[in-house]
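Here is the structure we will look at, set down as structure tokens.
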Amino acid sequence: MIDLIPQDGSSFDIQRLFFLLTIDSATHFLFGESVGALESSNSASLLGRSSVGSAQGFAEAFGTAQDYLTTRSRAMHFYWMVNPKEFREANQRVHEVVDHYVQLAIQSKNNPDKKSDRYIFAEALAADNDDPKVLRDNMLNILVAGRDTTASLLSSAFFYLSRNQDVWKKLRQTIIDEFGDSQNPKGEITQAKLKDIPYLRYVLNEGTYFASLPVIAYKTNKNSPPAVAPCASQLPCRCQGHFSTSWRRP
């Protein structure tokens, strides 16, 4: 991702890069193989070989499908009336990409010798149910969490860190004290070690509070209580020199 940042100091949209990063990391961890969204050559990646054509094409198809699904959820019992050609085509392009991983998971189940040595979420799903449609639906559900939510959290954290220098400096020094820097590394950065850094957790928790995370649809009825989100001033903050709430996302 660092290689995609402009070297001339010009402004750029970091959220777009985070979406590329998280789709790669999510598909690698969950499905066993990255889609290659960050690769410089689109033709060499899974996305380049599919009908979406590129990471941008996949993001647009994925976003279009999500927008229509939100509208369909509001239509409730009349959801079937919201089914335009644009929605169907977006679904088809997204399904084409995910179906690739569905087939890999099924092949892994049918050929234990080819099963990966590391844990892969898709293979665990296939072990319980190898119905291609069920697998695809479950993979898409987890992909939303792995891609959209994580990218939104990272974007929010960087947005507020750039406006709160005290928090940024303390977080940076905390990381350097634990792992060193590029010139003097102290050890391997692992998930377990990152979880043991309290201040990093506090910063990410604050970013979660302020992030505009994707809306996850849920079943409601006329007796469902209204959902009320607390205002920022009511949320606990563990960061010394905490994020200023006077800044608003543009």
Side-chain angles (χ1 to χ4, degrees), residues 1 3-4 16-69 72 83 85-154 188-192 194-195 214 216-218:
M1 190 186 87
D3 294 337
L4 298 180
R16 183 185 69 84
L17 299 184
F18 281 142
F19 271 99
L20 297 180
L21 173 66
T22 54
I23 189 63
D24 269 0
S25 62
T27 51
H28 174 74
F29 175 73
L30 299 171
F31 302 159
E33 179 184 291
S34 170
V35 294
L38 289 172
E39 293 181 8
S40 57
S41 175
N42 284 326
S43 60
S45 67
L46 170 63
L47 298 179
R49 300 192 304 269
S50 67
S51 61
V52 298
S54 64
Q56 182 63 29
F58 180 79
E60 290 175 355
F62 203 88
T64 297
Q66 283 184 301
D67 290 342
Y68 277 110
L69 285 173
R72 284 164 67 94
N83 191 35
K85 181 180 180 182
E86 183 182 30
F87 174 57
R88 297 195 302 272
E89 290 180 344
N91 281 342
Q92 183 178 3
R93 292 195 295 272
V94 172
H95 288 173
E96 179 185 351
V97 174
V98 178
D99 283 344
H100 168 78
Y101 296 108
V102 169
Q103 293 305 315
L104 289 180
I106 294 175
Q107 290 172 13
S108 176
K109 178 182 180 181
N110 296 334
N111 299 278
D113 295 339
K114 297 182 179 180
K115 190 173 182 178
S116 174
D117 294 333
R118 65 185 179 88
Y119 175 83
I120 296 177
F121 181 78
E123 292 180 354
L125 287 177
D128 291 333
N129 190 328
D130 60 0
D131 181 280
K133 187 179 185 306
V134 174
L135 277 176
R136 181 211 289 162
D137 291 344
N138 287 331
M139 287 181 178
L140 281 171
N141 281 334
I142 198 66
L143 185 59
V144 171
R147 172 184 177 266
D148 294 38
T149 307
T150 307
S152 297
L153 169 59
L154 291 173
E188 182 182 5
I189 299 176
T190 65
Q191 184 178 13
L194 289 172
K195 285 184 176 180
I216 300 177
Y218 61 96

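Count residues from 1 along the sequence.
For the atom pair Ile23 CD1 and Phe18 CZ, the distance stands at 15.5 Å (nearest 0.5 Å). Here the straight-line distance linking atom CD of Glu123 with atom CG of Asp128 works out to 12.5 Å at 0.5 Å rounding. Atom OG1 of Thr22 is separated from atom CG of Asp148 by 7.5 Å, given to the nearest 0.5 angstrom. With values rounded to the nearest 0.5 angstrom, Gln66 atom CD is found 9.5 Å from Leu140 atom CG. Summarising the geometry, atom CZ belonging to Arg147 is positioned 5.0 Å from atom CZ belonging to Phe19; distances are rounded to the nearest 0.5 Å.
For the pair Ser108 (side chain) and Ala105 (backbone), a donor-acceptor distance under 3.5 Å is absent. Checked by atom type and distance alone, the side chain of Asp99 never pairs as donor or acceptor with a backbone atom of Val102 at under 3.5 Å. Checking side-chain atoms of Asn111 against main-chain N and O of Gln107 turns up a donor-acceptor pair under 3.5 Å.
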Exercise for the section: Would you sort out whether Glu33 and Thr27 count as a side chain to side chain contact (heavy atoms under 4.5 Å, CB included), showing the intermediate values? Expected result: CA-CA 6 Å; Glu33 179 184 291; Thr27 51; over 6 Å; no

Handout entry: Criterion side chain to side chain contact (heavy atoms under 4.5 Å, CB included) on Leu143 and Phe62, from CA distance to verdict
Key = CA-CA 10 Å; Leu143 185 59; Phe62 203 88; 3.9 Å; yes

Exercise for the section: Under the side chain to side chain contact (heavy atoms under 4.5 Å, CB included) rule, what do Gln92 and Arg88 come out as? Steps first, then yes or no, please. Expected result: CA-CA 6 Å; Gln92 183 178 3; Arg88 297 195 302 272; over 6 Å; no

Handout entry: Trace of the side chain to side chain contact (heavy atoms under 4.5 Å, CB included) decision for Phe87 with Arg72
Key = CA-CA 11 Å; Phe87 174 57; Arg72 284 164 67 94; 3.7 Å; yes

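Closest approach of Ala126 to Leu135, counting heavy atoms only: N-CD2, 3.6 Å. Considering all non-hydrogen atoms of both residues, Tyr101 and Ser34 come closest at OH-C, 3.5 Å. Closest heavy-atom contact between Pro132 and Ile106: CG-CD1, 4.1 Å.
Side-chain contact between Val52 and Val97 is present, with at least one heavy-atom pair separated by less than 4.5 Å. Counting only heavy atoms from C-beta outward, the side chains of Phe121 and Met139 never approach each other to under 4.5 Å. Annotation: side chain of Phe58 is not in contact with side chain of Leu20 (no heavy-atom distance under 4.5 Å). In this structure, the side chains of Leu30 and Ile120 stay at 4.5 Å or more apart for every pair of heavy atoms. At least one side-chain heavy atom of Tyr68 sits under 4.5 Å from a side-chain heavy atom of Glu86. Proximity of Arg136 to His95: side-chain heavy atoms (C-beta onward) are separated by under 4.5 Å at one or more points. Residues Val134 and Leu125 have side chains not in contact (no heavy-atom distance under 4.5 Å, counting atoms from C-beta outward). Residues His100 and Val35 are not in side-chain contact: their nearest non-hydrogen atoms beyond the backbone lie 4.5 Å or more apart.
In summary, of the residues considered (Glu89, Arg93, Glu96), a side-chain hydrogen bond (donor to acceptor under 3.5 Å, both in side chains) with Ser51 occurs for Glu96 alone.
For residues 51-64, the set of pairs meeting the salt bridge (charged side-chain N to carboxylate O under 4.0 Å, His left out) definition, not counting sequence neighbours, is empty.
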